[in-house]
Amino acid sequence: MRPAPVENTGVRTVRVLLPLPLADAYDYSVPEGFEVAPGAFVVVPLGKRETVGVVWGEGTGEVASQKLRDIVDILSALPMADPLRRFVDWVAAYTLTPPGAVLRMTMSSLSALEAPKTEMVYRPAQIATDAKTKLTAARQRVLEALQDGPAMPVAELAHLAGVGPSVVKTMVAAGLLEGMERRVRRTFPQPDGQREGPALSEEQKYAADALIEKVRAHRFSATLLDGVPGSGKTEVYFEAIAAALAEGRQVLVLLPEIALTAQWLRRFEDRFGAVPASWHSGLTSLERRETWRAIADGRVKVVVGARSALFLPFSALGLIVIDEEHDSSFKQEDGVTYNARDMAVVRARLVSAPIVLASATPSLESVTNVTAGRYGALHLPARHGGQQLATLSAVDLRKNPPTRGRWLSPPVVEAMKQTLAAGEQILLFLNRRGYAPITLCRACGHGLECPQCSAWLVEHRFRRTLVCHHCGYSEPPALACKHCGAHDQFVACGPGVERLAEEAHALFAESRLELFTSDTLISRDEATAAVERMIAGEIDILIGTQMAAKGHHFPNLTLVVVVDADLGLNGGDLRAAERTFQLLYQVAGRAGRADRPGRALVQTHMPEHPVMQALVANDRDRFVAAELADRGTAGMPPYGRLASLIVSGPDPAAVDNVCAAIARRAPHQTGVTVLGPSTAPLALLRGRHRRRFLLKTGRDVAVQPLLHAWLAQVGLPGSVRLQIDVDPYSFL
Ligand code: ADP
Ligand code: ZN
C-alpha cells in the first residue's frame, strides 16, 4: 500500500534522480531561498557522502518531513532539457534498466557541471606603457606581444614574446602587467551551411530536396536513405545538414566507431569549412568537458560520434543522421543494453526532428519499417559518375582448394599476380585477428583454452602471446603442454590475418604488405596513417579484419579477396546470413571506387548458399525478400519480438537455482514462447557460468510489462546477475 502523503508542512520537495542504478528517484527538500527548476543539476546527500543528481520533478510527498534531507547546492550548469529527461525515462523503460543508469550516460562529463574553470590573463599596466623605453629588451618584447592583442596567460605570453616565463612573472610582481581572471572556454570552429556543395545528379537532388524539406518542417520523421556504395548518400545528407545549420539548429551524426575516420572528418571540413565536434572514447577529459558544455549551450552545431553521443545535452537538435545504420556495433552489449539506432529514432521523436538512416545494405528492421509506412524511403540506385560496382564471383573451395596449410586458392593467387603486375592494390579480408584461432597439442589433442571463459586462446604471433578475445586474458606461449607434458608439440590450426600475411609474403616477397587490424593499429591516428599510406600507393597488399571493410575509399584498390566467406554463417544466430551479406557486400564495395573496374573474389565451401548466390548475382533485394520470408515463417524479428535473459554467476548451482525459479514463473499466454534455460554458447565468461532464456513474442505484444511482472517475482542472491537484453543481437 502506498503510504498516505504527509501533512502539508510547507516544505517544498523535489524528486532527484541520481546517476546510480537505483530503482527510482529520491525526494529531497529545497532549503529556503533556493530556486530549483526541473532539470537542474543539484548536489544532494546520499548516506554519508554527497552526489550530483538531476531534479526530476515535484516531490512525491511520501517521505515524512523529519526524514527529508536538504539539497546542498545547485550547480551552474544549464538544466537538463525536458526532452532529454523524457528520453532517459523512455530508454530506461524500454531496456528495463534503472533510470539512474541511463542518466549516468547523459552525465558523461561530471566536470562540465561544475563552475567553469578560470585562468589569469595579463595586459600592460599604465606605468609600463609610460616607462616603456626604460625597460629591458625582453620586457619590451613582452609589451609588444600584447600591443594589439587580447590579454594572455603567462605561458602563452612568454612563448609569443620569446622570453622565459620568469620574465613575465617578474613584470607582474613589479606591477608592469596587470592580471584579471578569465573563464577558460574553448572555441569551436563553426561549420558554414552557406557554402556551395557539389552539383548533384538528378536523383541525388531529389533525395536532398526531400530531406531539406523535412529539416525545415521541424517535425519528427524517419527516412531510410538507401543507395549502393558510392552513390552519394553522404553528399545527400550533407545537404540536409546544411539546411539544419541554416535553420540555426544542431545536428548529430552517428557513425559506427570504426567508420569514424579522419577521412570522413576531412570530407566534412571540405564541405563546410570547419571540422565538426567529435565525440568518442578517445577524448581527453578536458575535451569532453568543453565539448559537452558547448553542446549544451548551443555553441557546437554539429556533433559526429559513436553511439554514446546520443546522450549529449543538445539544446536545439534539428537533425539526426545514422550512417551505416545496419551496423551491429550500434548495439551496446554491456552496461545498459540498448540499440543506439533505435533509440535515436526515439530521441528524434521527442525533440520533433527528422532522422535519416543511411545504408547500402539496410537492416531488415528498417526495410520492414519502410514497408509498413513507419519510415519514408529515398533511393540512390547508381554509383556517382556512372562507375560500375565491382564484379563479384565465388571461388568454390571444394573445386579449387589451396595447398595444405595454405588459405589462398589457385584462382585467387593468379588474380593477385595480375593485379600486382598492373600496379594496382589488393585487399585480403579475413575477419579473424591474430595468427591462428586455435592452438592444439599434437600429442594429446588438447586445445589451449582461456581459464576464465569457454573460449580458445588465440595466438598473436607478432606479440608473442596467447589472448582470449572475450575477456582479454593473455599468457605467453609455453613449450610444454599442461595436459600431457609433451614438449614442443603445439600446432596452429586455421588462419588469422597474421598467418595470412605470412602466406602472402611467401608468395609475393617483393610486394609491400601491411596489416589493418585493431591489434596493429591501436590508435585512431595510426589507422589514419595506414589509410593514407594505402591511398598514396605505398602498400600493395592490405590484409585486414572488418576494420578495413568500412568507410574507406581506396581509389587504386581493384581486387578484394574474401578469404573465408563462410566464417560468419556458421555461428547460427538469427542475423548470421544478414550480417554476412552486409559485410561481404561492403567489403566488395571497397574495390574499384575510381575509374578502374574492381573485382571481388569470395572463397567459399558453399557457393550454393543463398547469401553467396545473392552476392554473385548482385541481387540484394532478392536476398532481403528471401530472408524476410524466412523470418516471417519463424516469427522472428522484424516480425516478432525477442528478449534474452542471461543469468550468470561464479557458482553454477546458484545460477541453476535462479534459472529454475525463473522457469517456474514463466508467462503462459498465447503469442508468447519462453525458450530455455539452456547453457549459453559462451558457457563461461570471466569466470561466471552463464545460462540463457529467450522470450519470443508477436509484434503486438509489449514485452516490457511482461518481463516486469515475470521477473519481479524472482529473488536474486547477491552473486547471481540477471541481464535483460531487449531486441538482442548477440546470442552467445
Ligand atoms: P556513399 O555515401 O553513398 O558511399 P559518397 O557520398 O561517399 O557515397 O560518394 C562517393 C564518392 O563520389 C565521393 O568521393 C563523393 O565525393 C563523390 N560524389 C558523390 N556525389 C557527387 C556529386 N554530385 N558531385 C561530385 N562528387 C560526388
Ligand atoms: Zn577469457
Side-chain angles (χ1 to χ4, degrees), residues 196-209 211 224-242 253 255-256 259 261 263-272 304 321-327 356-362 378-390 434 437 447-458 460 465-475 531 535 549-555 557 582 585-595 598 620 648 680-690 732:
E196 196 80 18
L200 298 182
S201 71
E202 209 167 299
E203 281 147 346
Q204 289 173 340
K205 184 153 186 350
Y206 178 85
D209 287 347
L211 293 183
L224 179 67
L225 180 59
D226 171 5
V228 298
S231 57
K233 295 184 291 299
T234 312
E235 297 296 346
V236 167
Y237 74 66
F238 275 180
E239 296 303 308
I241 293 176
V253 182
L255 297 175
T261 57
Q263 250 182 327
W264 193 96
L265 294 175
R266 191 163 328 115
R267 229 176 123 179
F268 185 95
E269 189 178 10
D270 286 347
R271 174 68 177 81
F272 295 104
V304 53
V321 177
I322 314 282
D323 204 350
E324 313 281 4
E325 68 88 27
H326 62 278
D327 198 285
V356 178
L357 306 162
S359 176
T361 50
L378 294 165
H379 296 275
L380 297 174
R383 268 189 159 183
H384 176 70
Q387 296 155 31
Q388 294 303 300
L389 281 167
L448 293 179
E449 272 182 288
C450 175
Q452 319 183 93
C453 306
S454 36
W456 302 115
L457 288 176
V458 178
H460 285 245
T465 162
L466 294 153
V467 183
C468 171
H469 286 177
H470 291 284
C471 73
Y473 169 88
S474 69
E475 62 181 42
V531 167
I535 291 171
K550 301 196 176 157
H552 311 293
H553 301 188
F554 301 127
L557 171 66
Q582 286 163 342
Y585 189 87
Q586 295 276 339
V587 177
R590 300 299 119 222
R593 299 273 312 196
D595 53 350
R620 185 195 79 183
S648 68
L682 199 52
L684 189 68
L685 178 62
R686 297 187 161 90
R688 300 176 75 87
H689 297 268
R690 303 167 78 244
L732 285 180

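As the structure lists them, so they are numbered: ligands from 1, and atoms in each ligand from 1.
- Smallest separation of non-hydrogen atoms from Leu211 and Tyr237: CD1-CA, 4.5 Å.
- The distance cut-off of 2.8 Å around the Zn ion (ligand 2) captures these protein N, O or S atoms, sorted by chain and number: Cys450 SG, Cys453 SG, Cys468 SG, Cys471 SG.
- Contacts of Glu239 classified as side chain to side chain donor-acceptor pair (under 3.5 Å), with partners at least two apart in sequence or in another chain: Arg271.
- Using a 4.0 Å cut-off between heavy atoms, Val228 contacts ligand 1 through its backbone alone, with no side-chain atom that close.
- No salt bridge links Lys233 with Glu324; every basic N to acidic carboxylate O contact stays at or beyond 4.0 Å.
- If you check each of Ala208, Gly232, Ala199 against atom 9 (O) of ligand 1, the one with the closest non-hydrogen atom is Gly232.
- Distances shorter than 4.0 angstrom do not occur between any heavy atom of Val236 and any atom of ligand 1.
- Residue contacts with ligand 1 leave out Gly227, since none of its heavy atoms falls under 4.0 Å from the ligand.
- Ring-plane geometry between Phe272 and Phe268 is classed as tilted, the angle between the planes lying from 30 to 60 degrees on a 0 to 90 degree scale.
- The backbone and the side chain of Ser231 each have at least one atom closer than 4.0 Å to an atom of ligand 1 (non-hydrogen atoms only).
- When the heavy-atom distances from atom 3 (O) of ligand 1 to Lys233, Glu203, Arg271 are ranked, the shortest goes to Lys233.
- With respect to Lys205 and Asp209, a salt bridge is recorded, a charged nitrogen being found less than 4.0 Å from a carboxylate O.
- For Arg383, the closest heavy-atom approach to ligand 1 does not fall below 4.0 Å.
- Counting only distance, with no hydrogens or angles, the side chain of Ser359 and the backbone of Glu325 share no donor-acceptor pair below 3.5 Å.
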